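Nothing here was measured: the structure is a model prediction, and the numbers come from that model. Order of the sequence lines fixes the chain letters, A, B, ..., with proteins taken first and strands second; residue numbering starts at 1 for each chain.
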Amino acid sequence: MQDYLVPLNEQQREAVLHTEGPLMIVAGAGSGKTKVLTTRIGHLINLGVDSFRILALTFTNKAAKEMKERIEHMLGNNEARNLYIGTFHSVFSRILRSDAEKLGYPSNFTIYDTDDAKSVLKSILKEKNLDEKHYKVAYIYGRISSAKNNLMTWREYQNDKGIQQEDARSNRPMIGEIFEAYSKRCFKNGAMDFDDLLVNMYILLSNFPESLAKYQHKFRYVMIDEYQDTNLAQYHIIKLLGALNENICVVGDDAQSIYSFRGATMENIFQFQKDYDDVRVIKLEQNYRSSKTILNAANQIIANNANQIPKELWTDKELGDKIKLVCTFTDNDEGKFVADTIIENKLRYHHPNKDFAILYRTNAQSRAFEESLRRLNIAYKIYGGLSFYHRKEIKDYVAYLRVLVNTQDEEAIKRIINYPARGIGNTSINKISLIAQEQNKSFWEIICQANLYGFKGTTLSAIENFVVMMRNFQGIIDKKNAYEVASELGKYSGMVQELHSDKTVEGLARYENIQELLNSIKEFTETPDEDGEVIERTLGSYLQQITLLTDADNEDEENSDVVKLMTIHASKGLEFPCVFVVGMEENIFPSSMSMYDREDLEEERRLFYVAVTRAKEKVWISYANNRYRFGSLVQNDPSRFLDELPTDLVDANLTSKPKQRTIFNKSSEQRNEIQQKKMPSKTIAVEHKASTNFVESDTSNLEVGNKVEHQRFGFGNVLTLEGPIANKIANIDFGPNGVKKIMLNYAKLRIV
DNA sequence: TGCGCAGGTGTTTTT
DNA sequence: CACCTGCGCA
């Protein structure tokens with residue numbers, strides 16, 4: 001037996017050795033999925049399969065990179081470099097780049113990220129005179145995106161009875177028309193959005209038999225990671241690619257399907273088994289990551305879902321510590337608790353910072369933890385959130401580069417034509433846009449001949465200067481490398497000067513970001529081509545690459561010793577010795593957007609499952625009674641998921657402050673009482689209308705027995721006062737709205 | 001055209 | 001709270 005097969009268990013080995021024919025690996029959390037995939041690829045190469053003919057698709061660049069590195073390590077030579085391993089989006093963009101002309105796109109097409117796409121939609125709404133408050137950009141983008149993920153064209157969208165009814169019912173009958181305009185505009189701009197990369201890949205394979213044949217022959221073995229996250233477009237592409245050889249191996253875990261909002265459907269898992277006569281299904285059920293306690297708790301959580309493939313995850317690890325459940329008074333206390341606990345565990349058990357992860361449902365929750373960690377001088381890093389390439393100054397700079405590469409890119413021109421300010425304001429921009437529409441020409445063509453379209457005086461010369469400047473840069477694009485072009489661009493456009501003159505802290509940071517951008521361009525242009533698939537080191541290929549990059553893909557600085565903060569979504573695929581799952585409250589987790597639908601709720605539960613199964617040794621779960629949201633204090637019930645935790649695996653007595661209660665201290669009867677009391681506050685609270693003479697009173701001398709008015713809760717009686725003078729808390733009986741704890745420092749009260 | 005200010009509005013999750 | 005938009009003024 002080969003060395004690399006030895007460390008595998010029976011099922012893992014079986015998966016590696018099953019190289020021919022369709023294979024589905026159902027891989028539970030922590031069951032060695034990546035190990036199997038990489039060993040399998042290494043094994044194929046070892047069997048003599050040409051490494052150029054293996055394709056592996058992942059969802060993140062990080063996963064792709066890790067796979068590549070591990071295979072390289074296993075093989076000990078350069079063969080791994082020839083493998084086609086990448087994200088769906090990056091691999092398809094590479095393929096589309098070489099075949100773009102077939103679809104009528106320029107080969108240096110621009111990739112629009114979500115921001116770009118939304119700004120195109122905004123322009124269209126303006127042109128069509130639609131009310132942006134009713135036709136919300138995010139909503140429209142979502143409609144269009146999910147249509148595309150289901151391989152639906154704008155024409156099909158307009159002709160689909162069901163969809164038209166839906167849009168009519170929501171009183172947005174124009175979406176089909178917007179979809180059409182949006183598609184045409186992107187095409188005219190020589191641009192594809194994220195979804196187009198999938199749609200166009202599908203079109204290429206289904207409409208051009210010679211392309212289909214080419215890639216079917218090229219990719220003799222196809223592997224798909226995180227198969228549960230694929231959508232319909234991806235499903236069809238995979239099916240087409242694999243139809244000739246049927247050597248398709250998909251790896252997934254239905255219990256970790258958490259991207260349905262992006263069109264992912266578990267149906268693909270079931271369909272895969274129906275599509276081929278001889279599908280082999282292998283389940284990996286031994287977990288190598290978590291303690292028994294953690295794994296058992298996770299199993300119990302997921303058992304509450306009706307919709308799942310039956311499997312039993314087990315481990316031979318120790319029982320380990322109980323899960324700790326903690327309730328704090330406010331979100332800031334929650335932050336303090338986490339930071340304190342990290343210090344304590346560092347001291348007592350010698351955990352380094354990097355052993356800890358703080359996982360939350362939404363990015364907005366990170367702030368309380370940032371503050372508390374900073375206060376205790378604990379090094380941390382936030383993953384996700386605003387990625388480097390989404391910062392304004394970077395997008396501005398990149399927009400210049402985009403225009404140089406593709407003058408059709410109207411969005412990019414609009415972004416920079418007046419940045420730095422050079423006297424071409426919104427009025428002129430809109431005018432140019434309109435003329436371009438009417439003349440059926442590109443924005444760029446119009447400004448090249450601005451004198452023909454009624455522009456005069458200072459505006460005309462400003463436009464002409466801009467065109468001349470951009471033409472000059474285009475002139476040097478072939479003579480100098482991408483880095484030189486980019487740095488001269490910064491100098492002569494006035495951008496660098498503009499940023500340099502801003503001496504505020506933020507301004508300085510922006511300036512540094514630009515330097516970092518230039519460095520990354522330099523690095524890209526100077527990296528020699530790898531053997532095999534030649535990646536052009538041009539500005540165009542650089543731009544395509546960065547749009548598909550996310551924060552998670554940045555150099556991970558594996559060794560940097562920092563506490564990691566991220567959303568649970570971003571944590572998928574990762575593991576940490578110690579995990580804090582925070583903000584376990586109704587409306588947050590489960591999200592208020594996903595509470596009223598069984599499917600949505602089950603996805604939230606899978607998300608909770610993902611969070612808990614990230615941990616190897618220790619898990620803390622916390623929630624706060626009071627939390628700032630939208631600037632005001634709100635109260636949420638403890639998450640319903642907490643009730644699903646097995647009590648014998650949880651230590652719920654731990655509290656960060658003396659006065660907390662935990663739901664486990666209450667009898668079920670009391671628990672019902674709490675719920676009943678709290679329920680109405682959600683509905684009635686908004687119904688109270690503050691009196692017209694509502695003026696915030698000075699509450700520093702508030703006394704028990706005072707009558708007060710609260711803007712949302714209405715009129716109430718002060719029952720008790722507690723806490724230090726600097727942070728007094730009043731218990732106030734708001735009658736039908738129940739008794740509330742009100743922090744006088746924050747709440748606005750009128751003493752009646 | 002550009003700047004400052006008031007007012008309104010919104011937060012799931014991401015390639 | 002924090003961002004964005006629209007409006008009025010120089």
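Residue A:S90 is classed as having no contact, given no heavy-atom separation below 4.0 Å to the nucleic acid.
Taking only side-chain nitrogens and oxygens, A:T567 never comes nearer than 4.0 Å to OP1 or OP2 of B:dT12. At least one side-chain nitrogen or oxygen of A:S428 sits closer than 4.0 Å to the OP1 or OP2 atom of B:dT1. Between B:dG2 and A:N426, no contact under 4.0 Å exists linking OP1 or OP2 to a side-chain N or O.
Residues A:H89 and A:A364 both approach DNA chain B. Their nearest nucleotides, taken by heavy-atom distance, put A:A364 toward the 5′ side. Looking at which nucleotide of DNA chain B each of A:I424 and A:I258 is closest to, the 5′-most match is held by A:I424.
A:F580 meets the ring-ring contact (aromatic ring centres under 6.0 Å, His included) test with A:W620; sequence neighbours excluded. Applying the salt bridge (charged side-chain N to carboxylate O under 4.0 Å, His left out) criterion to A:E69, with sequence neighbours excluded, gives no partner residue. Here A:T153 pairs with A:R155, A:E156 under the side chain to side chain contact (heavy atoms under 4.5 Å, CB included) rule; sequence neighbours left out. Residues passing the salt bridge (charged side-chain N to carboxylate O under 4.0 Å, His left out) test with A:R510 are A:D502, sequence neighbours excluded.
Following rounding to the nearest Å, A:D331 (CG) and C:dC1 (P) show an atom-to-atom distance of 13 Å. Spacing between atom CD1 of A:I417 and atom P of B:dG2 amounts to 12 Å, rounded to whole angstrom units. Going from atom CZ of A:R94 over to atom C1' of B:dT15 covers 17 Å, rounded to whole Å. Rounded to a whole Å, the NE2 atom of A:H569 is 4 Å from the C1' atom of B:dT13. Between the CG atom of A:L198 and the P atom of B:dT14 there is a distance of 18 Å, given to the nearest Å. Between A:I463 atom CD1 and B:dT1 atom P there is a gap of 9 Å when expressed in whole angstrom units. Atom pair A:F88:CZ and B:dT14:P shows a separation of 18 Å (rounding to whole Å applied). The distance from atom CG of A:D195 to atom C1' of B:dT14 is 11 Å, rounded to the nearest whole Å.
Checked by distance alone, A:T114 brings a side-chain donor or acceptor within 3.5 Å of a matching partner on the base of B:dT15.
You'll find that the side chain of A:A570 is closest to B:dT14, out of B:dT15, B:dT1, B:dT14. Taking every side-chain heavy atom of A:F194 into account, B:dT15 is the closest of C:dA2, B:dT14, B:dT15. Set against C:dT5, B:dT15, B:dT14, the side chain of A:K122 has C:dT5 as its closest nucleotide. Here the side chain of A:T362 is nearest to one of B:dT14, B:dT15, B:dT12, namely B:dT12. Taking every side-chain heavy atom of A:R367 into account, C:dA2 is the closest of B:dT1, C:dA2, B:dG2. Side-chain atoms of A:R361 lie closest to B:dT12 of the nucleotides B:dT14, B:dT12, B:dG2.
B:dT13 and C:dC4 are spaced 16 Å apart, taking the P atom of each and rounding to whole Å.
In the model, A:N406 has a side-chain atom that pairs as donor or acceptor with a side-chain atom of A:T110 under 3.5 Å. A side-chain donor-acceptor contact under 3.5 Å links A:D193 and A:Y182. Donor-acceptor pairing under 3.5 Å is recorded for the side chains of A:N268 and A:T230.
Looking at A:K118 and A:D115, no side-chain N of the basic residue comes within less than 4.0 Å of a carboxylate O on the acidic one, giving no salt bridge.
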Close N/O contacts between protein and nucleotides 7-10 of chain C (under 3.5 Å):
none

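Taking the six-membered ring wherever Trp is involved, the centroid distance between the rings of A:Y259 and A:F261 falls below 6.0 Å.
The closest side-chain heavy-atom distance from A:M192 to A:Y112 is not below 4.5 Å.
A donor-acceptor pair under 3.5 Å is absent between the side-chain atoms of A:E604 and the main chain of A:S594, judged by distance alone.
Per the stacking criterion (ring centres < 5.5 Å, plane angle < 30°), A:Y259 does not stack onto the base of B:dT14.
A heavy atom lying under 4.0 Å from DNA chain B marks the following residues of residues 130-140 of chain A, by number: A:K133, A:K136.
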